[in-house]
Amino acid sequence: MFPFIRSHVLPMVKLYVLGFKVLLAQLVSRAFRLPVMPRQDGKVAIVTGGGRGIGYEVVRHMVRLGAHVIIVEFQKLDLASLQSVRHFAQSFKQRALPLNILVNNAGVMLVPEARTEDGFEQHFGVNYLGHFLLTWLLLDTLKESGKRGHVSRVVNVSSSAHRIGSIHIKEPASSCPHYSAHAAYCHSKLAQLVFSSHLQQELQRGRFPVISCAVDPGMVATALYRHLWTPLYLVHNIIACLLYKTPEEGAATVLYAALSPALEGDCEGGYWANGCREMTTPPTFDPQLKRSLWETSLQLVGLQ
């Protein structure tokens, strides 16, 4: 009984309490408005999950600024399949295009217990590991496309849920007898953020013209919450329509991280929310954890 409460009920309560706190903070804060961004003519961007929600708004704005945007739908790039990720990356490279911006936006939340094609827990596989492999396979192209004053960008769309996540190096939720979709989601978002931080360190160390950022878009009225328990989902939809950010508002900080000249030069990437760089939880500063997750991820996707 107590193990069930600890592993299943407690993560759910923690996530909803955190969500309530985030929503209150969001309501009393002034929403970030994206300033005028420079033209992006000649630049190429890839946006995963670009067909709806935040991703759609990111794509729409980039196209309006003249960028060539490749919209990656779940059907075209199945992040739950490492083979599909490899195929997509290979197909893109064959087009001999530059790559200036990679926005890792697609994700799942609170899905029922399931495994990816490669046997990984669904949140871990889609939210983190698929994007890890995609970024790794496209990293050389990003490096080649960046230059001083016009660095390439990797933007990982994260979540405040990382604050109550933890990382079990082999794989989140794999050894827990009582599966919790709430915990699995939080773990995957923390893994994504730790990866983003370590990638930035590696890029800085190699003096490559690429920066890596993570962005928390806030609580946004999108289809991400569709796997909530049905009665809760119906109530949630009413609250979301009244109090949540619109997808356009949620996309503002993502676009800022992807396009703003303010992030050029000696910027350290970082974690961004509501238009500002913010501090994250201690695990993102743990060098041993970052290195272990990096090396384990390489092994899991067959690159080491």
Single-linkage hydrophobic cluster Met219~Leu242, side-chain heavy atoms < 4.5 angstrom: yes
Flag side-chain contact, heavy atom, 4.5 Å: Gln83 against Asp118: no
Test of ring centre spacing under 6.0 Å for Phe92 and His87: no
Evaluation steps, side-chain contact (heavy atoms from CB on, under 4.5 Å), between Leu34 and His61: CA-CA 11 Å; Leu34 183 70; His61 199 92; 3.5 Å; yes
side-chain contact (heavy atoms from CB on, under 4.5 Å) evaluation trace for Tyr128 with Lys189: CA-CA 7 Å; Tyr128 170 64; Lys189 286 301 176 179; over 6 Å; no
Check: Val301 and Trp136 side chains under 4.5 Å, non-hydrogen atoms: no
His187/His123 aromatic ring centres below 6.0 Å: no
Close aromatic pair by centroid cut-off 6.0 Å: His182 and Tyr16: yes
Aromatic ring proximity Tyr225/Tyr244, centre distance under 6.0 Å: yes
Within 6.0 angstrom of Phe20 CZ, more than 12 heavy atoms from elsewhere: no
Side-chain heavy atoms of Ile71 within contact of Val47, under 4.5 Å: no
Side chain to side chain, Leu259 and Arg153, heavy atoms closer than 4.5 Å: no
From CA spacing to verdict: side-chain contact (heavy atoms from CB on, under 4.5 Å), Phe195, Gln192: CA-CA 5 Å; Phe195 160 64; Gln192 188 182 37; 5.5 Å; no
Evaluation steps, salt bridge (charged side-chain N to carboxylate O under 4.0 Å, His left out), between Lys147 and Glu264: CA-CA 10 Å; Lys147 57 185 178 180; Glu264 300 284 353; over 6 Å; no
With Phe88, the side-chain contact (heavy atoms from CB on, under 4.5 Å) member among Thr48, Leu137, Asp78, Ile46: Ile46
Carboxylate-amine/guanidinium contact Arg52 Glu57, below 4.0 Å: no
Smallest separation among heavy atoms of Cys213 and Gly269, with atom names: SG-CA, 3.7 Å
His68 vs Met62, side-chain contact (heavy atoms from CB on, under 4.5 Å): CA-CA, chis, key distance, verdict: CA-CA 8 Å; His68 175 189; Met62 285 183 176; over 6 Å; no
Pair Ser81-Glu117, side chain to side chain donor-acceptor pair (under 3.5 Å): steps then yes or no: CA-CA 5 Å; Ser81 166; Glu117 178 181 291; 3.0 Å; yes
Criterion side chain to side chain donor-acceptor pair (under 3.5 Å) on Thr284 and Ser197, from CA distance to verdict: CA-CA 7 Å; Thr284 60; Ser197 176; 5.7 Å; no
Minimum side-chain heavy-atom gap Ser152-Ile101 below 4.5 Å: no
Residue pair Gln122 / Arg115, side-chain heavy-atom distance below 4.5 Å: no
